[in-house]
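Below is one structure, written out as structure tokens; comments come after it.
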Amino acid sequence: MAKVALVTGASRGIGRATAEAFARAGYQVAANYCRSKEQIEQFSAQMEREGCAVIPVQADVSDPEQVERMVQAVQQQFGHIDVLVCNAGIARQGLLTDFSPADWRQMMAVNLDGTFYCCRSVLPGMIRRQSGCIITTSSIWGITGASCEVPYSAAKAGIIGLTRALAKEVGPSGIRVNCIAPGVIDTEMNGNLTPEVMAQLREETPLGTIGTPKQVADLALYLAGEGASFLTGQVISPNGGFLI
Ligand code: NAP
């Protein structure tokens, strides 16, 4: 029986590459999106033409009821969920003093609360089956902190804490929980960075390049597989040596 993966934020960037990698590896993939219906439908149709199963599922991950409905629908359609990849996220730059309490709440709601809601909804099924794998998404800024990205850094640091604590809690139920903390990856999220800033980031990276969504997706696929069966509670950072 094909394994089932739910990937959040799969309409573009790292999430889309992750959904594609899992689908090409033979998983049935539920690809979550929030607003980008047209993009996800095009992606799903393209994967179907190639004989891969990628089913779009809409939900705003910052809304626990929408997340619960999404997880129930995926479980009804596929029977169960083997792998959850919590990838959906938002970022915003600015001085801390320029962030309103509502801006702060939004940053936490999508990045951190969204991860909590998705884990909370998939776990009962995984615990019943005594098997499952959860991959969360932090950032190098969640490890080191970034100037002018304090709310994002705080949310992403929270995801690391959630990952480590949850790995301890659900390890005895046969469920592994690991965190990917990417360095700078070529996606729309970095579309607002100037060419000069991107060039500087490349220069500061020992491997001399920024990362691709596929490089992060391949790591997620590895973490979900047999080769990573003794890995849990870990934070792994594909960053080209930016943080050593
Ligand atoms: P991206 O290109 O901006 O894509 C973000 C994805 O998240 C989209 O599919 C978007 O879907 C989805 N999303 C946003 N808000 C959502 C919500 N409320 N509910 C459900 N989905 C939502 O970002 P990316 O660069 O691929 O980043 C993916 C993850 O990696 C994020 O968690 C990000 O923080 C993390 N990360 C990225 C980098 C980087 O350099 N790119 C580095 C470190 C960590 P819709 O368009 O449908 O709303």
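Both counts, for ligands and for their atoms, begin at 1 and track the order of listing.
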Decide whether the shortest distance between a heavy atom of G114 and an atom of ligand 1 is less than 4.0 Å.
-> no
Please confirm whether Y33 comes within less than 3.5 Å of ligand 1 when only nitrogen or oxygen atoms on both sides are compared.
-> no
The reported gap from CG in L6 to SG in C118 (rounded to nearest 0.5 angstrom) is 6.5 Å
Going by the 4.0 angstrom heavy-atom rule, the piece of N87 near ligand 1 is both
Would you mind running through ligand 1 and noting each atom that sits below 4.0 Å from a heavy atom of S139?
-> 43 (C), 44 (C)
Side chains of T115 and T136: donor-acceptor distance under 3.5 Å anywhere?
-> no
Does N111 reach ligand 1 with a nitrogen or oxygen that is under 3.5 Å from one of the ligand's nitrogen or oxygen atoms?
-> no
One should read off an interatomic distance between I244 CD1 and S237 OG, to the nearest 0.5 angstrom, of 10.0 Å
Which heavy atom of R129 sits nearest a heavy atom of I81, and at what distance?
-> NH1-O, 4.2 Å
Taking atom CG of L193 and atom CG of L201, what is their separation to the nearest 0.5 Å?
-> 6.5 Å
Among all protein heavy atoms, pick out the one at the shortest distance from atom 30 (O) of ligand 1; state its residue, atom name and that distance to 0.1 Å.
-> T137 CG2, 3.4 Å
Ligand 1 to S36, heavy atom cutoff 4.0 Å, flagged ligand atoms 45 (P), 46 (O), 47 (O)
Closer than 4.0 angstrom: is that true for some heavy atom of T8 and an atom of ligand 1?
-> no
Is the number of heavy atoms from other residues, nucleotides or ligands within 6.0 Å of CD (E65) greater than 12?
-> no
pair V54-E48: side-chain heavy atoms closer than 4.5 Å | no
Purely on distance, is any nitrogen or oxygen of I14 under 3.5 Å from one on ligand 1?
-> yes
Closest heavy-atom approach to atom 5 (C) of ligand 1 among G211, S237, A109, G89 is made by G89
Closest protein heavy atom to atom 44 (C) of ligand 1, given as residue, atom name and distance to 0.1 Å | S138 O, 3.2 Å
Within a reach of under 6.0 Å around CD of E203, are more than 12 heavy atoms found that belong to other residues, nucleotides or ligands?
-> no
Does Q39 come within less than 4.0 Å of ligand 1, judged by its heavy atoms?
-> no
Is P213 touching ligand 1 with its side chain, its backbone, both, or neither, if touching means heavy atoms under 4.0 Å apart?
-> neither
Are any of the N or O atoms of C34 closer than 3.5 Å to those of ligand 1?
-> yes
Any N/O of G13 closer than 3.5 Å to an N/O of ligand 1?
-> no
Taking only non-hydrogen atoms of R35 and a 4.0 Å limit, the atoms of ligand 1 in range are 14 (C), 15 (N), 16 (C), 45 (P), 47 (O), 48 (O)
Decide whether a cation-pi geometry holds between R92 and F99; the criteria are a distance under 6.0 Å from NZ or CZ to the six-membered ring centre and an angle within 45° of the ring axis.
-> yes
Evaluate the side chain to side chain contact (heavy atoms under 4.5 Å, CB included) criterion for residues T8 and V85: first the C-alpha distance (whole Å), next the side-chain angles of each, then the deciding distance (0.1 Å), finally the verdict.
-> CA-CA 6 Å; T8 68; V85 183; over 6 Å; no
Is the count of non-hydrogen atoms from other residues, nucleotides or ligands lying under 6.0 Å from R105 atom CZ greater than 12?
-> yes
Which residue supplies the protein heavy atom nearest to atom 21 (N) of ligand 1, what is that atom called, and how far is it?
-> A88 CB, 3.5 Å
If you have a sec, work out which protein heavy atom is nearest atom 2 (O) of ligand 1 and how many Å separate them, to one decimal?
-> R12 NE, 3.4 Å
Using heavy atoms and a threshold below 4.0 Å, how should the contact between R16 and ligand 1 be classified: side chain, backbone, both, or neither?
-> neither
Is it the side chain, the backbone, both or neither of A91 that has a heavy atom closer than 4.0 Å to ligand 1?
-> neither
G240 to T205 - nearest heavy-atom pair and separation | O-CG2, 3.3 Å
I90 vs N111 side-chain heavy atoms within contact, under 4.5 Å = yes
Applying a 4.0 Å heavy-atom criterion (strictly less than), which segment of I185 is in contact with ligand 1: side chain, backbone, both, or neither?
-> both
Atoms of ligand 1 close to V184 [distance to a heavy atom under 4.0 angstrom, numbered from 1] = 40 (O)
Among all protein heavy atoms, pick the one closest to atom 39 (C) of ligand 1 and tell me residue, atom and distance.
-> N190 ND2, 3.5 Å
List the closest protein heavy-atom neighbour of atom 12 (C) of ligand 1: residue, atom name, distance to the nearest 0.1 Å.
-> G9 CA, 3.5 Å
Provide, to 0.1 Å, the distance between atom 25 (O) of ligand 1 and the closest protein heavy atom, together with that atom's residue and name.
-> T187 OG1, 2.4 Å
Does Y152 come within less than 4.0 Å of ligand 1, judged by its heavy atoms?
-> yes
Considering distance alone, does some N or O of P182 sit under 3.5 Å from an N or O of ligand 1?
-> no
Side-chain donor/acceptor of T187 to backbone N/O of M189, under 3.5 Å = yes
Atom indices of ligand 1, in the order listed, that fall short of 4.0 Å to a heavy atom of N32 | 20 (C), 21 (N)
Measure the CD-SG distance between E20 and C52 for me, rounded to the nearest 0.5 Å.
-> 8.0 Å
Quick one: does G183 get a heavy atom under 4.0 Å from ligand 1?
-> yes
Any side-chain donor paired with an acceptor under 3.5 Å for E68 and Q72?
-> yes
Which of the numbered atoms in ligand 1 are below 4.0 angstrom from a heavy atom of A59?
-> 19 (N), 20 (C)
Are any of the side-chain heavy atoms of I134 and V122 separated by less than 4.5 Å?
-> yes
N32 and A59 have their tightest heavy-atom pair at ND2-O, 3.1 Å
Backbone or side chain, does any N or O of V61 fall under 3.5 Å from an N or O of ligand 1?
-> yes
For ligand 1, is there an N or O atom under 3.5 Å from any N or O atom of S11?
-> yes
Against heavy atoms of D60, which atoms of ligand 1 measure under 4.0 Å?
-> 17 (C), 18 (N), 19 (N)
Is there side-chain contact between R24 and E50, with at least one heavy-atom pair below 4.5 Å?
-> yes
With heavy atoms and a 4.0 Å threshold, my read on which part of I40 contacts ligand 1 is neither
